[in-house]
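Working notes for the structure below.
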Amino acid sequence: QVQLVESGGGLVQTGGSLRLSCAASGRTFSSSVMAWFRQAPGKEREFVAAIRWSSGSTYYADSVKGRFTISRDNAKNTVYLQMNSLKPEDTAVYYCAATGRVIFTTQPLAYDYWGQGTQVTVSS
């Protein structure tokens with residue numbers, strides 16, 4: 001089992017920044033790729049970004065490319081999502097997820113473990 005705990009959400013104005021953290025514990029060696037998803041009220045869960053633990057290679061959704069940066073600290077078993085130039089449409093609950101698959105995938109069903117989520121609200 002892998003446990004994921006997110007933190008860092010909050011309320012920010014348009015154009016502001018937030019950094020989310022996801023601390024992983026348990027059988028973390030079974031996870032190859034970590035990702036962030038988000039879900040706004042009434043909408044489906046949406047892929048945001050992913051990172052490979054071993055190489056640090058990354059993959060982003062077009063909607064956040066150039067504004068968000070995913071990174072990891074292997075020593076701390078922690079993944080981060082730096083969010084800049086935030087927009088009201090970025091408002092959602094943000095979830096951290098882990099999968100043992102080595103390829104990047106944007107499909108929520110491909111991820112085996114999920115955190116509880118952290119709320120991000122961007123005011124206009």
Side-chain angles (χ1 to χ4, degrees):
Q1 291 289 331
V2 175
Q3 293 78 43
L4 304 174
V5 179
E6 303 100 333
S7 61
L11 173 65
V12 65
Q13 292 185 333
T14 297
S17 298
L18 280 175
R19 188 176 83 153
L20 306 183
S21 300
C22 173
S25 61
R27 297 171 59 89
T28 56
F29 59 84
S30 64
S31 300
S32 298
V33 169
M34 299 289 292
W36 288 95
F37 285 77
R38 65 187 181 186
Q39 189 166 19
K43 294 189 176 181
E44 294 187 350
R45 195 162 295 191
E46 173 190 29
F47 171 80
V48 175
I51 189 166
R52 202 169 272 125
W53 273 120
S54 57
S55 65
S57 56
T58 58
Y59 183 70
Y60 294 93
D62 288 342
S63 58
V64 306
K65 202 172 292 183
R67 300 188 298 123
F68 291 10
T69 302
I70 189 170
S71 62
R72 94 281 193 224
D73 184 331
N74 291 59
K76 296 182 178 180
N77 284 337
T78 299
V79 174
Y80 304 97
L81 185 68
Q82 178 66 44
M83 305 186 294
N84 298 328
S85 303
L86 283 162
K87 306 174 182 179
E89 51 264 43
D90 295 318
T91 295
V93 176
Y94 282 71
Y95 297 91
C96 178
T99 178
R101 299 173 186 237
V102 297
I103 61 171
F104 286 130
T105 176
T106 63
Q107 299 303 311
L109 288 177
Y111 290 81
D112 307 301
Y113 304 102
W114 292 85
Q116 81 288 352
T118 186
Q119 177 71 46
V120 171
T121 303
V122 184
S123 63
S124 57

Worksheet item: Which pairs count as salt bridge (charged side-chain N to carboxylate O under 4.0 Å, His left out) when at least one residue sits in residues 39-53, sequence neighbours excluded?
Response: R38-E46

Practice prompt. Would you confirm whether T14, through its side chain, and S123, through its main-chain N or O, come within 3.5 Å as a donor-acceptor pair?
Written response: yes

Worksheet item: Are any side-chain N or O atoms of T78 and backbone N or O atoms of K76, one a donor and one an acceptor, separated by less than 3.5 Å?
Response: yes

Worksheet item: Do D112 and V2 pass the side-chain contact (heavy atoms from CB on, under 4.5 Å) test, and can you show the C-alpha distance, the side-chain angles, and the key distance before you say yes or no?
Response: CA-CA 9 Å; D112 307 301; V2 175; over 6 Å; no

Worksheet item: Can you name the nearest heavy-atom pair linking Y94 to E6, along with the distance?
Response: O-OE2, 4.0 Å

Worksheet item: Any sub-3.5 Å donor-acceptor pair from Y113's side-chain atoms to A24's backbone N or O?
Response: no

Discussion item. Would you say the rings of W114 and F37 are close, in the sense that their centroids are separated by under 6.0 Å?
Written reply: yes

Worksheet item: Roughly how far apart are S25 OG and N77 CG, rounded to 0.5 Å?
Response: 8.0 Å

Fill in: Distance-minimising heavy-atom pair for L81 and A49
CD1-CB, 4.3 Å

Fill in: Closest non-hydrogen atom pair, A110 against T105
CB-CG2, 3.4 Å

Fill in: Pairwise distance OG1(T121) to CG(L11) - rounded to 0.5 angstrom
6.0 Å

Worksheet item: About how many Å separate OG1 of T69 and CG of N84, when rounded to the nearest 0.5 Å?
Response: 6.5 Å

Discussion item. Less than 6.0 angstrom separating the ring centers of F47 and Y59, yes or no?
Written reply: yes

Worksheet item: Would you say the side-chain atoms of N74 pair up with the backbone N or O of W53, donor to acceptor, closer than 3.5 Å?
Response: yes

Worksheet item: Distance from I51 atom CD1 to R72 atom CZ, nearest 0.5 Å?
Response: 5.5 Å

Worksheet item: What is the distance from atom OG1 of T58 to atom CZ of F104, rounded to the nearest 0.5 Å?
Response: 6.5 Å

Worksheet item: In terms of hydrophobic clusters joined by side-chain contacts under 4.5 Å, are Y111 and Y80 together?
Response: no

Worksheet item: Considering residues at least two apart in sequence or located in another chain, which fulfil the side-chain contact (heavy atoms from CB on, under 4.5 Å) criterion with R67?
Response: V64, S85, K87, D90

Discussion item. Taking G100's backbone N and O only, do any of them form a donor-acceptor pair with S32's side chain (distance below 3.5 Å, no angle check)?
Written reply: yes

Worksheet item: How many angstroms lie between CG in L20 and CZ in F68, if you round to the nearest 0.5 Å?
Response: 8.0 Å

Worksheet item: Are V122 and W36 connected, step by step, through hydrophobic side chains (Ile, Leu, Val, Met, Phe, Trp, Tyr) whose heavy atoms are closer than 4.5 Å?
Response: yes

Discussion item. One pair to check against side-chain contact (heavy atoms from CB on, under 4.5 Å): Q82 and S17. What are the steps and the verdict?
Written reply: CA-CA 7 Å; Q82 178 66 44; S17 298; 3.9 Å; yes

Worksheet item: Which heavy atom in Q116 sits nearest to a heavy atom in V5, and how many Å separate them?
Response: OE1-CA, 3.8 Å

Response to the item:
On a heavy-atom basis, the closest approach of M34 and C22 is CE-SG, 4.0 Å

Response to the item:
Correct closest heavy-atom pair for V33 and A50 would be CG1-CB, 4.0 Å

Discussion item. Assigning hydrophobic clusters by single linkage (Ile, Leu, Val, Met, Phe, Trp, Tyr; side-chain heavy-atom cutoff under 4.5 Å), is V93 placed with V120?
Written reply: no

